[in-house]
Structure formats: C-alpha cells, structure tokens
There are 2 protein chains.
Amino acid sequence: MSKQDLIKIGEFATLAGTNLRTLRYYEELGLLKPTLRSDGGFRYYRRASAQRVAMIRDLQELGLPLERIREIVGIQPKDGDRTALLQRVRRALEEHQLLLAAHLDALKAQQGRLETALAKLKDCSCCDELPAADNNFCDPCGSTGECLPEGLRALF
Amino acid sequence: MSKQDLIKIGEFATLAGTNLRTLRYYEELGLLKPTLRSDGGFRYYRRASAQRVAMIRDLQELGLPLERIREIVGIQPKDGDRTALLQRVRRALEEHQLLLAAHLDALKAQQGRLETALAKLKDCSCCDELPAADNNFCDPCGSTGECLPEGLRALF
DNA sequence: CACAAATCTAACCCTAGCGTGAGAATACAC
DNA sequence: GTGTATTCTCACGCTAGGGTTAGATTTGTG
C-alpha cells in the first residue's frame, strides 16, 4: 500500500482493460472511487483495484445494470463482511434471474407471433385475390376463410 | 375523400387508439404524414389512415423497430404493389427473426451463467475458508478445488 | 525553466419511443 | 368579437454506457 502502488488513471485503465471515460463514469455512479486524489485533481488507483473493475464487468456480463451492481459492491467490504457480500450478490442474482426469465418469455412469445405471421405471409404470397373494398383486412381470408393473425391485420 | 373525411389529430388519435405525441413522432420519423395541413398548421388525417397506424403497431408488436417499419411501409403502396409490399414485409420479418434468435441465444447464455454463478455461490455460502492472501480469487476453491465460473472471479 | 504528455472538468451526442410540460397560436361555436 | 377547446412547436426528461470533443491544468523530465 505504499505510494509505489498508486498509478494514474491511464495506466490503471490499461491494467483493468477499460478506458478513462468508463472509469470516471463508474466513479460518478459511486461504483469505484480512486484511492487518492492529488492536489491537482489527478486520480490515483491501487493496482489491486483492477479486480474490482473485473468484478463489475463480471456482474455486467451476468446482465445486471450498473445501478444494481452499485447496490451490491458499492461499499468496499471488509474481510468479515464476506458472508454479507455473498448474500447481497445472491439476492441480486436471484432477482435478476426472474427478470431475465420474464424477458425470455416475452421474446419467445414474439418469436411465436413472428412464425405465425411468416406462415400466413407465405400463404398470401401465392394468393391472387385482392381484398374486397369493404374488407381491406382480408379478414377472413377470401381463399381459406381463415382469420388473420393479430399481427398482420393491417397489412391489406 | 371529401373534406368531410378529414379529421384533426385528436379525433384521429382516438380513432387509431394512440395519442398526439405518438402520431407526431411517427410523422417525424416519416412513418405517417397527415393528409393535409391547414394554413394555421393543423394536421388533418383521413379516417382510413387509422389502418396504417394499426399496421405500424402490429409490426411493432412483432418486435420491429420503427426505423425498419418505415423502410417497409414508408411509401404508401398502390393497389398493384401488394406483392412488393408482402415481399418487403417478409424480408424484414425474416431478418428480424435472425436478430431475435441471436438475442434469445445471448439471453439463454446469460441465464446459464447466472445458474452456474448461483450454484457456486451456494457452495461458497457454507464455506468457512477465507481466500489466501495471494489468491483473493478463491480460484481454485480451497475446499473443493474447483475453479470459479468466469462470472465470479472477482468476488473474493 | 520549458515543454510534452497526461489528465482534468464540463458538456453535448448517440439509441427508442415516447411523456410531459411551456407558451403561443388556431379553429370553431356563439 | 370573444371565449374556450384544441393544436402548434419547441425542448428537456427518462434508461445505459459510455464516445467525443474543447479548453484548461498538472505532472514529470531534461
């Protein structure tokens, strides 16, 4: 923890595999404060803090937004707090798991609608009938008598 | 198509099931222009144009961004262009299907990482060992000897 | 001391799809 | 003409994660 260990933001960014703007943005969000500020305002980081950046990145890859990450790792945990940290991480991950599941469901539903729409379009492509003047929804279809899927009502 | 048919934006919004801001936004994007502008600047729409809004909404529900939708329906198709329109829609939907699939894969991968991370966390919760001073990644784990999943390297 | 490289703050830009005003002007009924 | 409802054009706000300037300092070296 000697002064030797302190490096400026440029070197730290390289070390942590990121860039200046991102580090300053993290600081702005309260995610990672530089260990020291010089009188002139320069940021000085500990090399070891690169691990903190790695952790932030890891949690980002798991899909957590930076705000949530701050809630988890915003306060530098002491050694004894390891259990508490694990708790926080676990709760956040579980919560995020639910969100992710919901998001997946929504996208799968969208996928289903897309397939239906494409199937219907395939039918329509070989159809010569133009919709009647009073039924430009083609609903029900003049050929098959089927109703159109929701997502394509207005195509005709 | 007489002047009787032209309505102002408020009534049109109600008819189309949307609101003023959205309609003006659609116009800004080139999705739907009012049929007429009064000398004072008021927008006048045809009732029939509500179908166009419906179509935009339908394509939105299929997940297409408004920019793509504009590319599809940006130009008012004439009757004879139905085939061409169907083609454009089909191509756009197929393209979007690919994007959606990729998106789904990414989310599923995220889900997998989440599960792995949570499983590992469960192990760690019952672990009393603190990481050695020279290995604050707990990697490999002092208890099980297993390596940590990518997403949690920096937790320790 | 002088100079170059690094860093500082502040600010605006981007994607999407509007929400929500402010303040001015219009349209229409009476 | 006058009142009131409607609409007009800005223009900023939101989420996330920075990118990319500009102009001013600071640091460190010779």
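For clarity, every value in this text was computed on a predicted model and none was experimentally measured. Below, read A as the first sequence line, B as the second, and so on, with proteins coming before strands; counting in each chain starts at 1. Values below: all heavy atoms of this structure, side chains included; hydrogens, waters and symmetry mates excluded.
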By the 4.0 Å heavy-atom rule, please label [X] as base, sugar-phosphate, or nothing.
{"X": "B/Phe12", "answer": "nothing"}
{"X": "B/Arg68", "answer": "nothing"}
{"X": "B/Leu29", "answer": "nothing"}

Revision key, fill the gap. Per atom distances to the B/Tyr25 side chain, the nearest of C/dC8, D/dG17, C/dA16 is C/dA16

**Study point:** Nearest-neighbour nucleotide for the A/Lys8 side chain, D/dT27, D/dT9, C/dC18 considered
**Key:**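 Of the candidates, D/dT27 comes closest.
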
**Study point:** Side-chain (B/Arg52) to main-chain (B/Val73) donor-acceptor, under 3.5 angstrom
**Key:** yes

Check your understanding: For the side chain of A/Arg47 and the backbone of A/Leu6, is there at least one donor-acceptor N/O pair under 3.5 Å apart?
Key ->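 Answer holds: no.
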
Using a cut-off of less than 4.0 Å, is there contact between a side-chain N or O of [X] and OP1 or OP2 of [N]?
{"X": "B/Arg21", "N": "C/dG17", "result": "no"}
{"X": "B/Arg24", "N": "D/dC8", "result": "yes"}
{"X": "A/Ser38", "N": "D/dT27", "result": "yes"}

**Study point:** 5′-ward residue of the pair B/Asn19/A/Tyr44 relative to DNA chain C
**Key:** A/Tyr44

Exercise for review: Report the C-alpha distance between B/Arg57 and B/Thr18 in whole Å, list the side-chain angles of each, state the deciding distance to 0.1 Å, and finish with yes or no for side chain to side chain donor-acceptor pair (under 3.5 Å).
Suggested key: CA-CA 10 Å; B/Arg57 281 278 191 249; B/Thr18 180; 3.2 Å; yes

Check your understanding: Is B/Arg68 salt-bridged to B/Glu95, cutoff N-O under 4.0 Å?
Key ->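 Yes.
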
